[in-house]
Amino acid sequence: MRRLFGTAIAVALFAPALLSAQAFRLPTSNLAVQQPGREAEAFAPVPGRDWRSGMFGCVRSEGYRFHEGLDIRSLQKDKRGEPTDPVLAAADGVVVYASRKPGLSNYGNYVVLQHTVEGMPVYTVYAHLASIPTTIKAGARVKAGEAIAVMGRTSNTAQSITKDRAHLHFEITLFLNESFSAWFKKYMPGARNDHGIWNGMNMTGLDPLGVFQAQQREGAKFSLVRYIRSQPELCRVIVRDRDFPFVKRYPQLVDRNPVAEKDGVAGWEIAVTFNGTPIRLIPRSEAELKSKAKFSVLAVNERLLAIAPCGKLLKKSGSSWSLTNTGEQLFGKLVY
Ligand SMILES: [Zn+2]
């Protein structure tokens, strides 16, 4: 009896420590997201497809279109069949953006939270919301698990989200550039940006399910920095730019290079995932750079490209690789 009591206390003392090691919790009460075999209950597919099309990755249009988040199914409906699930902050953080104009984005109504994980600013995005309380506004602090909105099916797309597909679109992302608005104005003339730097185009996604599963597997040992750095690389690109905001924002993803430290930085070697998320950045000296081009492709993981082509970042002519317009846009945005 005494022993059991002791065990109970040990568990009670240990539990908060274990929980605090988890960077992110599930953003709704749909726990099937983390339970293998229950995917059909967890993810909302696109019409005519199975649950895989509600996951992160090259899951749309026969693998050629990227879906940058998880579409987590609604569990609660009102009598008209509208979703009523509370949407929960995935971690402690601060609201950086709440858009209540559903017609201005394919996200519909959406919220962006900023979190600090291992010293690194990381963001979560909650989209297609029905409503967002007035307390959820830029600068407001939120606690992990706090309700920040009600699930909905708002979007500005021609095809609306039907009641049976009601879901939370959830992303875990890194932020590309605080000069995004100026970049957008210059390179997307005529296009509207109603969301400033909190436009979805200025954030680049990680697989939230991969993060949840790694947390579950590794428990207190989980490290988001390590998780990001261990993602498969699609390619390495050299950019001819000495300095840009991302390297200051994410020093955890920068490798040291004594040559560049001594001789000065002339450019950066950047490794990205299949969807273009930078996962490793290496400063390079002038002597280490072969090309004078603004961007040059250094290495390509062709096996990964074959199974995950939806980032559409690269093209091949003869035996040489270069960036597509999409690829140039990504790196242009990053270093602008
Ligand atoms: Zn989605």
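Quick note: numbers below take in every heavy atom, side chains included, and nothing from hydrogens, waters or symmetry partners. Whatever order the structure lists ligands and atoms in, that order sets their numbers, starting from 1.
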Short side-chain donor-acceptor distance under 3.5 Å, N199 and N193
yes

Is the ring centre of H115 less than 6.0 Å from the ring centre of Y123?
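No; Y123 has its ring centre 6.0 Å or more from that of H115.
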
Would one find an N, O or S atom of H167, in either backbone or side chain, under 2.8 Å from the Zn ion (ligand 1)?
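It does not; every qualifying atom lies at 2.8 Å or beyond.
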
Would you say the Zn ion (ligand 1) has E68 as a near neighbour, meaning an N/O/S atom of that residue under 2.8 Å away?
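Under 2.8 Å: E68 has no N, O or S contact with the Zn ion (ligand 1).
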
Given atoms NE2 of H67 and ND1 of H169, what angle do they subtend at the Zn ion (ligand 1), to the nearest 10 degrees?
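With the Zn ion (ligand 1) as the vertex, NE2 (H67) and ND1 (H169) sit 100° apart.
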
Can you tell me the N, O or S atom of D71 that's nearest the Zn ion (ligand 1)?
OD1

For the pair Y336 and Y187, name the ring-plane relationship: parallel under 30°, tilted 30 to 60°, perpendicular over 60°.
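Y336 and Y187: perpendicular rings.
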
Just say parallel, tilted or perpendicular for the rings of F170 and Y126, cut-offs at 30° and 60°.
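Taking Y126 first and then F170, their aromatic rings sit tilted (interplane angle of 30° to 60°).
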
